[in-house]
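Take a look at the structure set out below.
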Amino acid sequence: MTTERLDQPRALRRSLRPHYDPEAFGRLSEQIARFLGTARFIVYMSVFVAVWVIWNVVAPEHLKFDPYPFIFLTLMLSLQASYAAPLILLAQNRQDDRDRVQYEQDRESAERNQAEIEYLTREIAGLRLALNDVATRDYLRSELGKLLDELKDRR
């Protein structure tokens with residue numbers, strides 16, 4: 001039985017699966033999904049289909065590559081849709097993950113803000129109570145006025 005040594009890197013294993021960077025692939029899928037959701041894509045796709053159909057209807061018989069039912073065009077559009085749908089879903093999942101993280105950060109920030117507001121409210125209440133125990137200017141004037149009146153009355 002062989003044990004792995006922790007002070008040495010593992011030997012590279014050959015794999016038949018292709019290696020790809022999930023983050024780079026995710027960014028690419030988001031860019032594609034963003035493009036697929038634009039008016040520019042619709043215009044490009046419409047022009048492509050129109051040129052395809054016009055070419056295969058108007059061109060001389062020996063230059064036509066996809067006659068009337070346009071089966072090859074249907075296949076091409078189906079292929080494009082079969083790749084576009086998972087890419088759009090991947091982009092949506094990545095956006096959902098970002099939204100979830102942002103929501104969590106917003107929730108934590110709101111909790112901190114709420115705790116700070118409660119602390120400040122308690123501090124203000126404490127200051128109000130402390131101010132009630134402190135002699136105010138008007139209170140001092142009234143007391144001094146009473147003392148002055150008492151002194152005048154004693155003379």
Side-chain angles (χ1 to χ4, degrees), residues 1-140:
M1 174 173 157
T2 23
T3 60
E4 285 189 43
R5 293 191 51 175
L6 297 177
D7 62 338
Q8 294 179 352
R10 289 183 178 170
L12 292 178
R13 286 190 257 168
R14 296 269 179 194
S15 174
L16 296 177
R17 292 185 297 164
H19 177 71
Y20 69 97
D21 179 15
E23 189 62 30
F25 188 75
R27 284 192 304 270
L28 176 66
S29 69
E30 287 175 341
Q31 290 173 345
I32 292 171
R34 252 185 252 117
F35 175 69
L36 291 176
T38 63
R40 180 185 299 169
F41 172 75
I42 293 172
V43 169
Y44 288 167
M45 195 56 127
S46 299
V47 167
F48 174 78
V49 170
V51 167
W52 185 293
V53 170
I54 290 170
W55 178 267
N56 285 293
V57 169
V58 176
E61 200 60 41
H62 68 283
L63 293 177
K64 292 180 183 180
F65 56 90
D66 190 19
Y68 166 63
F70 307 118
I71 294 170
F72 188 53
L73 175 62
T74 305
L75 177 69
M76 295 298 289
L77 294 175
S78 297
L79 181 66
Q80 183 268 332
S82 70
Y83 275 99
L87 289 175
I88 291 170
L89 288 174
L90 178 61
Q92 287 175 342
N93 289 341
R94 286 173 54 89
Q95 185 61 45
D96 288 344
D97 292 342
R98 279 194 297 272
D99 291 345
R100 194 174 305 110
V101 167
Q102 184 64 43
Y103 170 76
E104 185 64 27
Q105 290 173 347
D106 290 347
R107 188 185 61 74
E108 289 172 0
S109 175
E111 286 176 356
R112 280 193 307 272
N113 290 340
Q114 183 66 31
E116 289 176 8
I117 289 170
E118 289 173 1
Y119 170 77
L120 291 174
T121 303
R122 285 192 297 275
E123 288 294 314
I124 290 171
L127 288 173
R128 283 185 178 162
L129 289 174
L131 281 178
N132 285 338
D133 295 338
V134 174
T136 63
R137 181 176 40 187
D138 293 337
Y139 175 74
L140 287 176

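Values in this document were obtained by computation on a predicted structure and should not be read as measured data. In what follows, residues are counted from 1 in the order of the sequence shown.
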Check: Residues in side-chain contact (heavy atoms from CB on, under 4.5 Å) with Arg98, at least two apart?
Finding: Glu30, Arg94, Gln95
Notebook entry, point to check: Taking only residues two or more places apart in sequence or in another chain, which ones pass ring pair (Phe, Tyr, Trp, His ring centres under 6.0 Å) with Phe25?
Noted result: Tyr20
Notebook entry, point to check: Can you name the residues that form a side-chain hydrogen bond (donor to acceptor under 3.5 Å, both in side chains) with Arg107, not counting sequence neighbours?
Noted result: Glu104, Glu111
Notebook entry, point to check: Could you give the distance from CG (Leu36) to CG (Leu87), rounded to the nearest 0.5 Å?
Noted result: 7.5 Å
Next item on the list: Only counting residues at least two apart or in another chain, list the ones meeting ring pair (Phe, Tyr, Trp, His ring centres under 6.0 Å) with Tyr83.
Entry: none
Checklist line | Which residues share a side-chain contact (heavy atoms from CB on, under 4.5 Å) with Ala24, sequence neighbours left out | finding: Asp21, Arg27
Check: How would you list, by chain and number, every residue that makes a side-chain hydrogen bond (donor to acceptor under 3.5 Å, both in side chains) with Asn93, sequence neighbours excluded?
Finding: none
Checklist line | Neighbour count above 12 (heavy atom, 6.0 Å) for Phe35 CZ | finding: yes
Notebook entry, point to check: Minimum heavy-atom separation for Ala59 to Leu63, with atom names?
Noted result: CB-CB, 4.3 Å
Margin query: Going by ring pair (Phe, Tyr, Trp, His ring centres under 6.0 Å), name the residues that satisfy it together with Tyr68, two or more places apart in sequence or in a different chain.
Written below: Phe70
Item checked: Spatial distance of atom CD1 (Ile71) from atom OG (Ser78) [nearest 0.5 Å] -> 11.5 Å
Item checked: Listed partners of Pro9 passing side-chain contact (heavy atoms from CB on, under 4.5 Å), at least two apart -> none
Next item on the list: Please list, chain by chain and in numerical order, all residues satisfying side-chain contact (heavy atoms from CB on, under 4.5 Å) with Glu61, sequence neighbours excluded.
Entry: Lys64
Item checked: Of all pairs that satisfy salt bridge (Lys or Arg N to Asp or Glu O under 4.0 Å), the ones with a partner from residues 36-48, not counting sequence neighbours -> none
Next item on the list: Kindly write out the residues that satisfy side-chain hydrogen bond (donor to acceptor under 3.5 Å, both in side chains) with Gln8, not counting sequence neighbours, or none if the list is empty.
Entry: none
Note to self: So which atom in Gly26 and which in Leu90 form the shortest heavy-atom distance, rounded to 0.1 Å?
What the structure shows: CA-CD2, 4.3 Å
Notebook entry, point to check: Minimum heavy-atom separation for Ala81 to Pro86, with atom names?
Noted result: O-CD, 4.5 Å
Note to self: Working to the nearest 0.5 angstrom, can you tell me the gap between Thr74 OG1 and Leu79 CG?
What the structure shows: 12.5 Å
Next item on the list: Go through the structure and list residues passing side-chain hydrogen bond (donor to acceptor under 3.5 Å, both in side chains) with Gln102, not counting sequence neighbours.
Entry: Asp106
Margin query: Could you measure the distance from the OH atom of Tyr103 to the CG atom of Asp96? Nearest 0.5 Å is fine.
Written below: 14.5 Å
Item checked: Test side-chain contact (heavy atoms from CB on, under 4.5 Å) applied to Tyr119 and Glu116, step by step -> CA-CA 5 Å; Tyr119 170 77; Glu116 289 176 8; 5.6 Å; no
Check: When rounded to the nearest 0.5 angstrom, what is the spacing between OG in Ser109 and CD in Gln114?
Finding: 11.5 Å
Check: Passes side-chain contact (heavy atoms from CB on, under 4.5 Å), Leu28 versus Ile32? Steps please.
Finding: CA-CA 6 Å; Leu28 176 66; Ile32 292 171; 4.0 Å; yes
Check: About how many Å separate CH2 of Trp52 and CZ of Phe65, when rounded to the nearest 0.5 Å?
Finding: 4.5 Å
